[in-house]
Q: 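Here's a structure for you.
Heads up: numbering here begins at 1 and tracks the sequence. Quantities reported herein were computed from a predicted structural model and do not represent experimental measurements.
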Amino acid sequence: MSSNRSQHQQQEDWQSDTSAFPVIPPDSTTSSSASTSSTSALPPPLTSSSSAPLDVSSIDGNVSDQAKRHVMDMLTYYTGAKEESFGVAIARRLQMRSMNVWATSPGNAQGRIPQRATEAQTIFEITITKDMCNPYGTLHGACACYIVDPCSMSAIVVLGAALGIDATGVSQSMNLIWHRPAKIGTRLRAISTSIFIEGRIRTARVEIMDSETDKLYVSAIHSTIGPKPDSGSRLAKL
């Protein structure tokens, strides 16, 4: 149901406030490892190796390329660009498929572009490999948690950027429900949707499912807390 809604909302063209977006400027040195080969059409993984601007043309959605680069730069930083960072090999295989921002208020009932974003959604995909599995050959619970972390943060950061605020933060709580095991070789789709951003609290939900059958494997709620509003950013008190 979430994926169908995302596809419908892609018909609208979200116009971000370029005077306030992005709040955290992307690293101008961040780049894409995609070449001119046939693999360049794939969504960019969370890694970079060249000096060219990050190619986000393969990421669907109604946000600007600037917004997409901003989020990909942030995710690359937080998932670890260094080999010694935890889980970096898995993080680099996450591929963003789409990024959308829309309003859920009645004011958008007639399809008008909303003045203020109220919800964001991102979709990532990754294939389960041996290093992601438990001894039974299914997705390890800890790996599911690791996938939820950056994917949920991406939806929060996208909405925050559209609102003109720094929506980054550190984890406060993460609740997961494992519905069924996901076997090695399964192509996963992680659909992340923002739930709440107010003051320093941000919350998003994530559904990890089979990319072909939509069979649900894991659902989660992730809450984070943002930095104190003492750096001049447009954040309200907790």
Side-chain angles (χ1 to χ4, degrees), residues 1-18 21-22 26 30-48 52-76 78-79 91-104 108 111-114 117-127 147-163 167 186-195 204-217 219:
M1 179 173 66
S2 297
S3 59
N4 291 337
R5 182 179 186 185
S6 175
Q7 293 172 0
H8 172 71
Q9 292 295 339
Q10 287 177 19
Q11 297 175 2
E12 296 183 2
D13 184 18
W14 178 261
Q15 302 295 328
S16 299
D17 180 2
T18 56
F21 176 82
T30 301
S31 54
S32 171
S33 59
S35 64
T36 57
S37 65
S38 59
T39 59
S40 61
L42 293 173
L46 301 187
T47 183
S48 57
L54 183 64
D55 181 10
V56 294
S57 60
S58 59
I59 300 176
D60 295 328
N62 62 6
V63 301
S64 66
D65 286 351
Q66 182 189 17
K68 295 173 184 177
R69 292 191 185 94
H70 169 55
V71 175
M72 293 300 292
D73 286 343
M74 182 279 299
L75 291 174
T76 299
Y78 280 105
T79 54
R92 287 177 173 175
R93 296 199 296 269
L94 283 168
Q95 295 178 327
M96 179 172 279
R97 290 293 185 182
S98 67
M99 186 186 305
N100 285 280
V101 177
W102 55 77
T104 57
N108 196 40
R112 295 190 299 270
I113 299 299
T118 57
E119 191 171 272
Q121 185 179 88
T122 61
I123 298 178
F124 281 85
E125 290 188 357
I126 187 171
T127 299
I147 293 173
V148 166
D149 190 9
C151 291
S152 60
M153 279 299 300
S154 67
I156 293 172
V157 169
V158 170
L159 180 57
L163 295 174
T186 301
R187 182 70 173 177
L188 300 177
R189 176 181 295 123
I191 302 176
S192 305
T193 308
S194 64
I195 296 176
R205 70 177 183 269
V206 182
E207 297 161 305
I208 300 178
M209 59 185 63
D210 191 300
S211 65
E212 296 182 357
T213 66
D214 288 340
K215 182 184 295 184
L216 182 63
Y217 295 115
S219 58

Q: CZ/R189 to CD/E125 distance, rounded to the nearest 0.5 angstrom?
A: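 The CZ atom of R189 sits 5.0 Å away from the CD atom of E125.
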Q: Would you please say whether a donor-acceptor pair under 3.5 Å links the side chains of T193 and Q121?
A: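 Judged by distance alone, the side chains do pair up.
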Q: Just verifying a value: how many Å separate H70 NE2 and D73 CG, rounded to the nearest 0.5 Å?
A: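 H70 NE2 to D73 CG: 8.5 Å, rounded to 0.5 Å.
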Q: I'd like to know whether W102 forms a side chain to side chain contact (heavy atoms under 4.5 Å, CB included) with N100, so could you lay out the CA-CA distance, the side-chain angles of the two residues, the decisive distance to 0.1 Å, and finally the verdict.
A: CA-CA 7 Å; W102 55 77; N100 285 280; 3.2 Å; yes
Q: With sequence neighbours left out, write down each residue that passes side chain to side chain donor-acceptor pair (under 3.5 Å) with S152, or none if nothing qualifies.
A: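 Counting only residues at least two positions away or on another chain, S152 forms a side chain to side chain donor-acceptor pair (under 3.5 Å) with H222.
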Q: Taking side chain to side chain donor-acceptor pair (under 3.5 Å) as the definition, give me every residue that meets it alongside S219, ordered by chain and number, with sequence neighbours left out.
A: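 Expected list: H179.
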Q: Could you pull out all residues at least two apart from T186 that satisfy side-chain contact (heavy atoms from CB on, under 4.5 Å)?
A: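 T186: side-chain contact (heavy atoms from CB on, under 4.5 Å) contacts with I128, K183, L188, D210, Y217.
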Q: Could you grab the distance from atom CG of L94 to atom OG1 of T127, nearest 0.5 Å is fine?
A: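 Spacing of CG (L94) from OG1 (T127) equals 10.5 Å.
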Q: Tell me the closest heavy-atom pair linking V63 and K68, and the distance in Å.
A: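 The pair with the smallest heavy-atom distance is O-CE, 3.5 Å.
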Q: Could you report the tightest heavy-atom contact between G160 and A167, atom names first, then the distance?
A: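 So the two residues come closest at CA-CB, 3.7 Å.
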Q: Can you tell me how far CE of M74 sits from OG of S154, rounded to the nearest 0.5 angstrom?
A: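 The OG atom of S154 sits 6.5 Å away from the CE atom of M74.
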Q: Rounded to the nearest 0.5 Å, what separates atom CD1 in I156 from atom CD1 in I195?
A: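 It comes to 8.5 Å.
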Q: Checking the side chain of S211 only, and the main-chain atoms of R187 only, is there a donor and an acceptor separated by less than 3.5 Å?
A: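 Such a contact is found between S211 side chain and R187 backbone.
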Q: Yes or no on side chain to side chain contact (heavy atoms under 4.5 Å, CB included) for M99 and V56, after CA distance, side-chain angles and deciding distance?
A: CA-CA 11 Å; M99 186 186 305; V56 294; over 6 Å; no
Q: Measuring from C151:SG to M96:CE, what's the distance to the nearest 0.5 Å?
A: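 Atom-to-atom, C151:SG and M96:CE are 8.0 Å apart.
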Q: Holding to side chain to side chain donor-acceptor pair (under 3.5 Å), I want the full list of residues that pass it with D65, two or more places apart in sequence or in another chain.
A: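 Side chain to side chain donor-acceptor pair (under 3.5 Å) check on D65 returns nothing, list empty.
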Q: Identify the heavy atoms of A155 and S194 that sit nearest to each other, and give their distance.
A: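 Distance-wise, the nearest heavy atoms are CB-N, 3.8 Å.
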Q: Of the options I59, T122, I123, D60, which is the one that meets R97 in a side chain to side chain contact (heavy atoms under 4.5 Å, CB included)?
A: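 Among the candidates, only I123 passes.
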